[in-house]
Amino acid sequence: MKRVFLLISIFFLAASLTFAQTGAAASASPVGQMDEAVKNLANEIHAKLLEKRAEKVLVGQFTFQDGVPPFSSYWVNQLVGELTNMRGRNYIILTGGAQDAGWTIVGEIVQVADVIRVYSRLIRLSDRAIEGSFYSSFERNDHINDMISGGGGGTSSNAAAAGGRDAREPDSWDSPVTYIIGTSPTAAVMNRTITEGDEDFFLLVPERDGRLTMETTGSIDTYMHFYNYDTGDEIAVNDDGGQGLNARIVQSVRAGTRYLAVVRGFGGSTAGAYGFRAFIVVREGMSSFENPIAYEIGEGDTNIVTVNRTLQQGDEDYFLLVPARNGRLTIETTGRIDTYMELYDADREMLDENDDGGNNNNARLRYSVTAGTRYIVLIRGYSQNVSGSYGFRAFFPDGTNVSPDEFEPDNEPGQAKSIEIGATQTRNFHSGDDIDWVRFQITRAGRYTINVRGVNNNRLDTYIELYDSNLNLIAEDDDGGDSLSSRLSLNLNNGTYLLKIWCLDDEPNQPYTLSITQ
């Protein structure tokens, strides 16, 4: 009760001083329309506080251009007075540095032509959720202009020049400053000031999945950390990723997840003014994880449908793939821009990613998929500045549905099938992971040649390893034959030998022949 009594006393003192300074009755007050706006705001906030059953409410700062002019102090005093005297109130109004509040009311003052607009937010401090947003508008007049431009305001740059802290201090991990994420690179910049050894904390809660860009602006050397706010896990850090000495982090984020960006000077003595902004690019017709572009998977290496898309800076495209059969799926981009690809399952777990696995700077993934399963492919530029046209396609290449040959199973040494010296066997790799083991007998010591070659051409990239009967490696070869074919030529004594044959191609596209000759 002492606190409330003190606040009421301060309110009436402030009102009396204002009346004395203006020298006019309340009905003729040059700030009458502002007083009326405060009353209306207080009624709206009061209703929301009753609805939310709030107990202790801190009325914080209302800033103008990151300063606190007399206008702000007057507005806060009036709002405190209105709420304190509200009928049916079952909450306590706090001001100043109160630390035990469960709710806070803060806002910004904006000039729009001849209109003053005050934006107010009711924030639940336990999770920094915004439970109410309000705005009040009224016309400017000379007296209001004086209150806005009068002493005690100042900007962040003025505060920095004086070595002071900005109007949003103190902030911390437990009490970060909420930043509303923008939808384009021209998002509003929040001006802040770093003092020696200072850190600034920004709470970010994206409304959609996407690629979040956080960056600083200005001339001082900033350093940025990015965390999952609820788990405390650090996700990324950056020093000079932005322009000049500014920091920039670009990270994929999920809607509704709370993140924290922490900005500090690169060195402990760094101080000065800087700007902070964060945005997820949103454009008409953009896809998302929840609304991906459906793509029909192709069969074979020809007649594949390519979807042509355009990436703008910071853009992302999402494609939905639902394979009709099991198999090894190829997913790739085409074009001249440097693309990056990420593959997810329906639960948003990343399965694989690729940068330059395709031609030039294109991305390419090969992944074993299951029929009827939903897969999401994310395509973005390799860096935030990449933009331009590209193509997307996904298909089961020729050869991926090859049936196992007659010698299977032979993936283990104990399953090895025999070949006679001088004979030729035709085999295949029914998948990129297939391994063939072969057994042969030398009954006359001499020089022998082992050849493994594609049936259609010499572009099948094979690899062979030769072992004795105790599985001791004797020799191995990759491209000793024609082009990518394998060949070993060496002296062998009498005995039993084992040959391990496998393929370096992810998608073997033809059978191969094996021969052992003296």
Side-chain angles (χ1 to χ4, degrees), residues 61 63-67 106-112 117 119 121 123 128 130 133 155-157 159-160 165-169 171 176-194 198-229 235-255 257-266 270-283 286 312-316 380-381 383-387:
Q61 292 179 330
T63 59
F64 174 72
Q65 296 181 350
D66 290 319
V106 294
E108 289 83 34
I109 302 155
V110 178
Q111 296 186 76
V112 183
R117 182 164 291 174
Y119 292 93
R121 297 187 304 277
I123 300 174
R128 305 300 298 182
I130 299 176
S133 296
T155 64
S156 291
S157 58
R165 309 179 78 186
D166 62 49
R168 291 186 171 88
E169 297 286 359
D171 57 343
V177 174
T178 300
Y179 180 92
I180 306 302
I181 297 171
T183 58
S184 75
T186 60
V189 173
M190 179 180 287
N191 296 312
R192 298 295 306 267
T193 299
I194 289 178
D198 189 17
E199 289 182 324
D200 289 340
F201 298 79
F202 300 89
L203 180 67
L204 306 165
V205 185
E207 295 181 353
R208 69 187 308 273
D209 292 353
R211 198 77 174 161
L212 176 65
T213 297
M214 298 152 285
E215 61 185 4
T216 61
T217 62
S219 58
I220 66 171
D221 192 357
T222 53
Y223 197 96
M224 186 187 300
H225 301 257
F226 185 54
Y227 299 90
N228 181 304
Y229 184 64
I235 300 172
V237 296
N238 182 260
D239 177 17
D240 297 329
Q243 294 184 351
L245 298 176
N246 285 289
R248 175 186 289 159
I249 291 176
V250 182
Q251 191 71 35
S252 294
V253 294
R254 294 180 60 174
T257 301
R258 300 194 303 173
Y259 300 94
L260 191 74
V262 180
V263 178
R264 60 176 174 85
F266 177 74
T270 300
Y274 74 96
F276 174 85
R277 67 179 160 205
F279 59 90
I280 298 175
V281 175
V282 177
R283 299 187 181 92
M286 282 185 65
Q312 299 186 34
Q313 291 186 10
D315 212 352
E316 292 178 329
R380 60 176 172 84
S383 69
Q384 183 73 13
N385 297 323
V386 171
S387 63

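Keep in mind that this is a model prediction, so the values were computed, not measured.
Here salt bridge (charged side-chain N to carboxylate O under 4.0 Å, His left out) pairs that include residues 209-229, with residues two or more places apart or in two chains, are Asp209-Arg348, Glu215-Arg248, Glu215-Arg277. Within the structure, salt bridge (charged side-chain N to carboxylate O under 4.0 Å, His left out) pairs that include any residue of residues 179-189 do not occur (at least two apart or interchain).
By the side-chain hydrogen bond (donor to acceptor under 3.5 Å, both in side chains) test, Asp240 pairs with no residue at all, sequence neighbours left out. Partners of Asp200 by side-chain hydrogen bond (donor to acceptor under 3.5 Å, both in side chains), not counting sequence neighbours, listed by chain and number: Arg192, Tyr274. Residues passing the ring pair (Phe, Tyr, Trp, His ring centres under 6.0 Å) test with Phe201, sequence neighbours excluded: none. For Phe226, the ring pair (Phe, Tyr, Trp, His ring centres under 6.0 Å) partners at least two apart in sequence or on another chain are Tyr259. For Ser383, the side chain to side chain contact (heavy atoms under 4.5 Å, CB included) partners at least two apart in sequence or on another chain are Asn385, Val386. With sequence neighbours excluded, the residues that form a side chain to side chain contact (heavy atoms under 4.5 Å, CB included) with Ile180 are Ile130, Thr178. Remark: Thr222 engages Thr216 in a side-chain hydrogen bond (donor to acceptor under 3.5 Å, both in side chains) (not counting sequence neighbours). For Arg380, the salt bridge (charged side-chain N to carboxylate O under 4.0 Å, His left out) test picks out Glu342, with sequence neighbours left out. Taking Val281 as the reference, Pro185, Phe279, Arg283 meet the side chain to side chain contact (heavy atoms under 4.5 Å, CB included) condition, with sequence neighbours excluded. Applying the salt bridge (charged side-chain N to carboxylate O under 4.0 Å, His left out) test to Arg264 and every residue at least two apart in sequence or in another chain returns nothing.
Relative ring orientation between Phe202 and Phe276 is described as parallel, the plane-to-plane angle staying below 30° on a 0-90° scale split at 30° and 60°. A tilted orientation is assigned to the rings of Tyr223 and His225, their planes being inclined by 30° to 60°.
Atom CG of Asn238 is separated from atom CD of Gln251 by 11.0 Å, given to the nearest 0.5 angstrom. To the nearest 0.5 Å, atoms CG (Leu204) and CZ (Arg128) are separated by 12.0 Å. For the atom pair CG of Asp315 and CD1 of Ile280, the computed distance is 12.0 Å after rounding to the nearest 0.5 Å. Rounding to the nearest 0.5 Å places CD of Glu207 at 10.0 Å from OG1 of Thr183. One finds the CD1 atom of Ile109 at 13.5 Å from the CZ atom of Arg117 (value rounded to the nearest 0.5 Å).
Shortest non-hydrogen contact noted between Ile220 and Asn246 is O-OD1, 4.3 Å. Nearest heavy-atom pair, Asp171 versus Glu199, reported as atom, atom and distance to 0.1 Å: OD1-O, 3.8 Å. Annotation for Ala278 and Ala187: closest pair O-CB, 4.0 Å, computed over non-hydrogen atoms. The shortest non-hydrogen separation linking Leu260 to Pro176 is CD1-CB, 3.6 Å.
Using a 4.5 Å heavy-atom cutoff, the side chains of Leu212 and Pro206 are not in contact.
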